[in-house]
Amino acid sequence: MVREIIRVKDEFYRVHIPKEYVNKKVEILVLPFDENDENDENSASRILKKTSGILKDKNIDPIKWQEEIRIDREI
(Lines give C-alpha, C1' and ligand atoms only; values in the text may rest on other atoms or scores of the structure.)
Protein backbone atom coordinates (compact mmCIF):
# COMPACT_ATOMS: atom_id res chain seq x y z
CA MET A 1 0.00 0.00 0.00
CA VAL A 2 1.21 3.47 -0.80
CA ARG A 3 -0.16 6.44 1.11
CA GLU A 4 1.20 9.92 0.80
CA ILE A 5 0.00 13.28 2.04
CA ILE A 6 1.14 16.18 -0.11
CA ARG A 7 0.57 19.91 -0.33
CA VAL A 8 -1.00 20.54 -3.72
CA LYS A 9 0.61 23.33 -5.69
CA ASP A 10 -0.87 22.57 -9.10
CA GLU A 11 -3.89 20.86 -10.65
CA PHE A 12 -1.75 18.05 -11.97
CA TYR A 13 0.23 15.51 -9.97
CA ARG A 14 2.32 12.65 -11.27
CA VAL A 15 1.84 9.37 -9.41
CA HIS A 16 4.53 6.70 -9.22
CA ILE A 17 2.98 3.23 -9.25
CA PRO A 18 5.14 0.52 -7.63
CA LYS A 19 6.14 -2.35 -9.91
CA GLU A 20 4.15 -4.89 -7.90
CA TYR A 21 0.95 -3.02 -8.83
CA VAL A 22 1.55 -3.08 -12.57
CA ASN A 23 -1.12 -5.08 -14.44
CA LYS A 24 -3.37 -5.09 -11.36
CA LYS A 25 -6.46 -3.12 -10.51
CA VAL A 26 -5.64 -0.26 -8.14
CA GLU A 27 -7.71 2.44 -6.52
CA ILE A 28 -6.46 6.01 -6.51
CA LEU A 29 -8.25 8.40 -4.19
CA VAL A 30 -7.87 12.14 -3.95
CA LEU A 31 -9.31 13.51 -0.72
CA PRO A 32 -8.85 16.78 1.15
CA PHE A 33 -6.72 16.44 4.26
CA ASP A 34 -7.80 18.23 7.42
CA GLU A 35 -4.80 20.23 8.66
CA ASN A 36 -6.00 19.86 12.27
CA ASP A 37 -5.70 16.07 12.02
CA GLU A 38 -2.19 16.13 10.58
CA ASN A 39 -0.56 14.81 13.74
CA ASP A 40 -3.48 12.67 14.93
CA GLU A 41 -3.60 9.03 13.91
CA ASN A 42 -7.35 8.57 14.30
CA SER A 43 -10.38 9.77 16.19
CA ALA A 44 -9.53 7.63 19.23
CA SER A 45 -6.19 9.36 19.67
CA ARG A 46 -7.90 12.76 19.33
CA ILE A 47 -10.38 11.82 22.05
CA LEU A 48 -7.59 10.63 24.33
CA LYS A 49 -5.65 13.85 23.82
CA LYS A 50 -8.70 15.99 24.59
CA THR A 51 -9.82 14.04 27.66
CA SER A 52 -6.62 12.80 29.29
CA GLY A 53 -6.29 14.03 32.83
CA ILE A 54 -9.80 15.45 33.23
CA LEU A 55 -10.58 13.03 36.09
CA LYS A 56 -7.23 13.26 37.91
CA ASP A 57 -8.71 15.38 40.72
CA LYS A 58 -11.68 13.05 41.27
CA ASN A 59 -9.68 10.39 43.19
CA ILE A 60 -11.10 7.51 41.15
CA ASP A 61 -9.43 4.11 41.50
CA PRO A 62 -9.47 2.75 37.94
CA ILE A 63 -9.51 -0.91 38.99
CA LYS A 64 -12.37 -0.41 41.44
CA TRP A 65 -14.24 1.62 38.82
CA GLN A 66 -13.84 -1.19 36.24
CA GLU A 67 -15.09 -3.77 38.74
CA GLU A 68 -18.17 -1.65 39.48
CA ILE A 69 -18.90 -1.20 35.78
CA ARG A 70 -18.63 -4.96 35.20
CA ILE A 71 -20.97 -5.69 38.11
CA ASP A 72 -23.51 -3.20 36.71
CA ARG A 73 -23.43 -4.91 33.31
CA GLU A 74 -23.96 -8.39 34.77
CA ILE A 75 -27.20 -7.36 36.45
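Only this structure's heavy atoms are used, side chains among them; waters, hydrogens and symmetry mates stay out. Numbering starts at 1 and runs along the sequence shown.
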Note to self: With a 4.5 Å cut-off on side-chain heavy-atom distances among I, L, V, M, F, W and Y, is there a chain of contacts connecting V30 to I6?
What the structure shows: no
Check: Going hydrophobic residue to hydrophobic residue with side-chain gaps under 4.5 angstrom, can you get from I17 over to I5?
Finding: no
Check: If you round to the nearest 0.5 Å, how far is CZ of R7 from NZ of K9?
Finding: 7.5 Å
Next item on the list: Could you tell me whether N23 atom CG has more than 12 heavy atoms of other residues or ligands within 6.0 Å of it?
Entry: no
Next item on the list: Answer yes if F33 and I28 sit in the same cluster of Ile, Leu, Val, Met, Phe, Trp and Tyr residues linked by side chain heavy atoms under 4.5 Å apart, and no otherwise.
Entry: no
Next item on the list: Determine, using the 4.5 Å side-chain heavy-atom cutoff (strictly less than), whether M1 and V26 are members of one ILVMFWY cluster.
Entry: yes
Notebook entry, point to check: So if you build clusters from Ile, Leu, Val, Met, Phe, Trp, Tyr with side-chain heavy-atom gaps below 4.5 Å, do W65 and L48 land together?
Noted result: no
Next item on the list: Please list, chain by chain and in numerical order, all residues satisfying side-chain hydrogen bond (donor to acceptor under 3.5 Å, both in side chains) with E4, sequence neighbours excluded.
Entry: Y13
Checklist line | Set of residues satisfying side-chain contact (heavy atoms from CB on, under 4.5 Å) with respect to K58, sequence neighbours excluded | finding: L55, I60
